[in-house]
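Since the structure is predicted, the reported quantities are computational estimates derived from the model, not experimental observations.
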There are 2 protein chains.
Amino acid sequence: MAKQGREYGGALDQLLELTMLLSADMERGLGELGLTGPRTHLLWVVHHQGPSTQRVLADALGVSARNITGLVDALVDTGFVTREPHPTDRRATLVSLTKHGATVMTQMAADHAELAEGLFGGLGPRQFGAFVTTMTTVLDELRRRVEEAR
Amino acid sequence: MAKQGREYGGALDQLLELTMLLSADMERGLGELGLTGPRTHLLWVVHHQGPSTQRVLADALGVSARNITGLVDALVDTGFVTREPHPTDRRATLVSLTKHGATVMTQMAADHAELAEGLFGGLGPRQFGAFVTTMTTVLDELRRRVEEAR
DNA sequence: TATTGTTATACTCTATAACTATA
DNA sequence: TATAGTTATAGAGTATAACAATA
């Protein structure tokens, strides 16, 4: 029992270390591009959903509208996005990627795929399949806990 | 080939979602205790390593000495730690847990174990063992990449 | 000289509240 | 009335640089 508990704790520690290394690995290089984590997250949403109002971005990122104003200001200043008037709602603005922003995000998607290949490419098909299955189970349990706690 | 790449990407997305949920789950409740992520990280180090100089804490957390001054200031103000003179080096100060700080960290370790049990307790022994083995492999690859990138 | 920690300054991300323009 | 976004204000975490006290 005690031994089992220690093993579980060790596995959680592995996940936490992986969490930290993964964010370090991803955010490394963002600085050279003039990007930060939150700004990249915003670009990621616009890259996948297309031109979006700031209200939509606030909900997607789970932050206040005021915060989006600041992030978009910075991304306009550094040439990643533009603010355009919304075609039908004159209160709203549409945030779109510039050509530079689109280029950077396309490269980032490729890097994402390369990282995935690097992390999992060394596993056998059986081992990889079992890992995905287990991750799904663990994720479901974690989602359940987070949901229940709200 | 293309299908394989998509599968790898999906697994990486699972890991990233787990990363976000895990930090959300852990930081939930810290606010009620009057703690934040970085302050808790500092307490965690002192809890495990015992009374420590600010220099040691800066290295352990990977942040500047200035930053430690601010975190310790806040933790002293809120009653989690004390600053004591170093017995032999009059330049340095030793940061120690107060009784309250120690109580909170002991409870946090118990919560950590409970979370691990909740996440992995539903897996069979075989499945859990395979998961740990795979995590070890993936972590090694990730550590290798981070090391190589420095 | 080198190291420990602080003061000074600045930037990023975050929040709430009050306000303007529009719906 | 309600919504989209901004200005005003504040707090946390982070950094570098200059400095004081001590090693």
[N] phosphate, OP1 or OP2, under 4.0 Å from [X] side-chain N/O:
{"X": "A:N67", "N": "C:dT14", "answer": "yes"}
{"X": "B:R55", "N": "C:dT6", "answer": "no"}
{"X": "A:S64", "N": "C:dA15", "answer": "yes"}
{"X": "B:T36", "N": "D:dA12", "answer": "no"}
{"X": "A:T69", "N": "D:dG5", "answer": "no"}

What is the distance from CG of A:L42 to P of C:dT14, rounded to the nearest Å?
->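 That distance rounds to 10 Å.
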Protein-nucleotide distance (A:R90, atom CZ; C:dT20, atom C1'), rounded to Å =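 One finds 14 Å between C1' of C:dT20 and CZ of A:R90, rounded.
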Starting at the 5' end of DNA chain C and moving along, which residue's nearest nucleotide shows up first, A:R39 or B:I68?
->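 Upstream on the strand: B:I68.
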Assign each of B:G70 and B:R66 to its nearest nucleotide of DNA chain D by heavy atoms, then name whichever residue's nucleotide is nearer the 5' end.
->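 Going by which nucleotide is closer to the 5' end, it is B:G70.
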Could you tell me whether the side chain of B:R91 has a donor or acceptor atom within less than 3.5 Å of a complementary atom in the base of C:dT3?
->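 Flag set: donor-acceptor pair detected.
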Which pairs pass salt bridge (charged side-chain N to carboxylate O under 4.0 Å, His left out) with one or both residues in residues 41-56 of chain B, sequence neighbours excluded?
->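 As it turns out, the salt bridge (charged side-chain N to carboxylate O under 4.0 Å, His left out) pairs with a partner in residues 41-56 of chain B, which skip direct neighbours, are B:R55-B:D59.
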What does B:L71 touch in the nucleic acid at a heavy-atom separation under 4.0 angstrom: a base, only the sugar-phosphate, or nothing?
->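 It contacts sugar-phosphate atoms only.
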Under-4.0 Å salt bridge between A:R144 and A:E147 =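 Salt bridge: no.
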Charged N to carboxylate O under 4.0 angstrom, A:E148 versus A:R145?
->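 Salt bridge flag = no for A:R145 with A:E148.
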Do B:T98 side-chain atoms and B:F80 backbone N/O form a donor-acceptor pair below 3.5 Å?
->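 Side chain of B:T98 to backbone of B:F80: a pair is present.
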